[in-house]
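These numbers come from a predicted model, not from an experiment.
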Amino acid sequence: MYRSHNCGELRESHIDKEVTLAGWVQKTRDKGFVVWVDLRDRFGITQLIFDEERTSQELLEQGRNLGREFVVQVKGTVIERASKNANIPTGNIEVLVKELTILNTSKTPPFTIEDKTDGGEDLRMKYRYLDIRRNPVKENLIFRSKVSMEVRNYLSKEGFIEVETPYLIKSTPEGARDFVVPSRMNQGQFYALPQSPQTFKQLLMVGGMDKYFQIVKCFRDEDLRADRQPEFTQIDCEMAFVEQEDILDAFEGLTRHLLKEIKGVETSKFPRMTFDEAMAKYGNDKPDIRFGMEFGEMNTVAQHKDFNVFNTAELVVGIAVPGGASYTRKEIDALVDWVRRPQVGAKGMVYVKCNEDGSFKSSVDKFYDQEDLAKWAEATGAKAGDLICVLSGDANPTRTQLSALRMELAERLGLRKNDEFAPLWVIDFPLLELDEETGRYHAMHHPFTSPKPGQMELLETDPGGVKANAYDLVLNGNEIGGGSIRIHDKEIQSTMFKHLGFTPEEAKAQFGFLMDAFQYGAPPHGGIAFGLDRLVAILGGQETIRDFIAFPKNNSGRDVMIDAPAVIDQSQLDELNLLINDRKN
Ligand code: ASP
């Protein structure tokens, strides 16, 4: 037996007990006649004391020479500490060591294994196994496990069955590039790794499983942003014989359960907003509704004077920044620079200070009088003391720019509080999205999403206007889940593929199996998938999903610890009958 207790377990009630502990040496403190060692494992830290009087000079010497991160086993007696440490649960006791076994030595770690480490991100990723020994990372992994467990508890209780689906499959289009795997047994052919288990979960519904879920890895070969990973985890779900309302109900239940069990937060019925409303009010299909600053559309109150910038714009839209009237000229100039950064892309920004005395001071006083500006204040809901920020231009980009400004200002004003949770359903998404570059429509969610009842005909005349039975669950400005009611009729699915630009042959080659299945009694069905990494990060009150993944990849998609991806042996290439073209395009 390596240990009788773990390093977080011993209390005053254990005093005088003989115990055996095992763990890592966090640090040693050498006072000459005594040496203290902090022994750490996943459960905590216990102080060991080596004392030449009470044990032996030889043992003290061994204790003194322990290096950081040595793995040791000690036998000893639990005693009361002379100077207690109220900051740790084991702070009232220490273990007087009688026997020490070094189970393994350690090189000096490249960074300190402390909550606040001196190691930079790259170094910590290269030695992630050491990073995981640090409390913040360890706690995040434990937290993630707790969330997964609660998901399983809840869904099993609700009658969902966890079914595994294959990883070596054929493309499932979720809008990203596929990762592909060459097949040795079928030379010249490739599997695709699933972007999601979408088609399989639909087939499980045809198979009669009724309520499916899976905590599952998905793979999307996209250019990475800080909060994306090429492989990520979904809580993937599907239900048969449901309408949109049933799905919203079921997964509102799951989310409410998680908020309660994990965060102790009670939530009432989640508000709902249509996609169109979200775009008009927040310029964003995943609005953060923890704070106001809703958009005020201002065309009618701003497009009647000689100010050409506004007159020629498709949309003039503003927000009221609470307390912003006190911003200095320099601060406002900095805001204007901020919206003009290429990442945001606005051409400029008009502002109005709503003074405490009820008067207005704007950057366009030449064109607008006090009465006009009072109407602007009304349109944006600005009160005395606020600053109105106004952007204009083509509607979609202008909304996106103002949304970025709204989020930035809310962040600066401390309105995005991590301990507040504001869930929201966004519903009635458009079915199709126009790709500006190719001029072609593609599925906004995925090609299996059903249009709203009665809208199929619109596909011919106004494809962009067709709404889908698709929904997203938004939490604090993040999309944490998204799904749809599916098409379960072969004819409708074929029509959909046609509208998405697939020839019948292409549709058959890629999705023939699904259309075949639809001929054998496919029940009405629908589902949703949650991004587990992001959900865990938000519940944990943090922004980056990497912090909640044991072995994440960096922004170039590399695992710097194992050094992947990597070249493979010529013999492997030969076996796969693959030739590498070293011409770099
Ligand atoms: N497969 C979808 C996705 O990954 C989710 C769903 O429609 O259930 O976004």
Side-chain angles (χ1 to χ4, degrees), residues 140 142-162 196-198 201 211-216 218 227 232-239 242-275 277-278 282 284-291 416-429 445 469-485 525-543 545 548:
N140 283 353
I142 295 173
F143 183 77
R144 181 184 178 115
S145 160
K146 194 169 161 207
V147 175
S148 304
M149 197 60 78
E150 284 304 332
V151 168
R152 289 200 162 97
N153 284 344
Y154 184 85
L155 292 177
S156 319
K157 197 175 87 260
E158 294 292 314
F160 285 80
I161 306 291
E162 184 160 17
S196 81
Q198 184 61 38
K201 65 174 172 175
K211 285 174 158 186
Y212 143 94
F213 88 102
Q214 182 181 194
I215 296 186
V216 61
C218 301
D227 62 343
F232 61 98
T233 308
Q234 285 190 343
I235 309 165
D236 192 43
C237 312
E238 196 77 6
M239 298 169 84
V242 285
E243 291 172 339
Q244 174 164 307
E245 202 54 39
D246 302 301
I247 301 272
L248 300 194
D249 232 40
F251 294 98
E252 189 163 321
L254 170 65
T255 313
R256 189 171 295 132
H257 174 81
L258 294 177
L259 284 169
K260 175 141 184 292
E261 292 303 315
I262 306 285
K263 301 303 293 184
V265 173
E266 297 277 357
T267 37
S268 43
K269 194 161 171 51
F270 296 179
R272 294 182 188 182
M273 194 179 287
T274 64
F275 170 86
E277 196 184 344
Y282 301 97
N284 197 322
D285 61 2
K286 42 180 189 299
D288 189 341
I289 56 164
R290 280 174 296 181
F291 57 96
R416 304 192 66 201
K417 302 199 178 79
N418 317 338
D419 56 350
E420 236 177 76
F421 293 93
L424 162 81
W425 286 110
V426 177
I427 56 174
D428 297 356
F429 274 80
H445 188 51
N469 266 330
Y471 31 80
D472 275 358
L473 184 58
V474 175
L475 184 60
N476 296 356
N478 296 278
E479 178 201 326
I480 57 162
S484 60
I485 297 297
H525 60 286
I528 191 167
F530 288 80
L532 179 67
D533 310 280
R534 188 157 308 151
L535 176 62
V536 171
I538 297 170
L539 291 175
Q542 292 176 34
E543 294 277 309
I545 63 173
F548 290 85

CD/Glu162: more than 12 non-hydrogen atoms of other groups inside 6.0 Å
yes

Kindly confirm or rule out a cation-pi arrangement of Arg256 over Phe270, judged by NZ or CZ under 6.0 Å from the six-membered ring centre and within 45° of its axis?
yes

How far apart are the C-alpha atoms of Tyr471 and Ile485, what are their side-chain angles, what is the distance that settles it, and do they pass the side-chain contact (heavy atoms from CB on, under 4.5 Å) test?
CA-CA 9 Å; Tyr471 31 80; Ile485 297 297; 4.2 Å; yes

By ring pair (Phe, Tyr, Trp, His ring centres under 6.0 Å) - contacts of Phe275 (at least two apart)
Phe429

Once rounded to the nearest 0.5 Å, what's the spacing between atom CD1 of Ile538 and atom CZ of Phe548?
10.0 Å

Other residues, nucleotides and ligands only: do more than 12 of their heavy atoms fall within 6.0 Å of CD on Glu543?
no

Separation of Lys260 NZ from Leu258 CG (nearest 0.5 Å):
12.0 Å

Would Glu261 and Tyr154 count as a side-chain contact (heavy atoms from CB on, under 4.5 Å) if you check the C-alpha gap in whole Å, the side-chain angles of each, and the deciding distance to 0.1 Å?
CA-CA 10 Å; Glu261 292 303 315; Tyr154 184 85; over 6 Å; no

Hey, what's the ring geometry for Phe251 with Phe530, parallel, tilted or perpendicular (30° and 60° as the breaks)?
tilted

Is a donor from one side chain sitting under 3.5 angstrom from an acceptor on the other, for Tyr212 and Asp236?
yes

Which is it for Asp533 and Arg144 under the side-chain contact (heavy atoms from CB on, under 4.5 Å) test, yes or no, and what are the steps along the way?
CA-CA 8 Å; Asp533 310 280; Arg144 181 184 178 115; 2.9 Å; yes

With sequence neighbours left out, what residues match His257 under side-chain hydrogen bond (donor to acceptor under 3.5 Å, both in side chains)?
Glu150

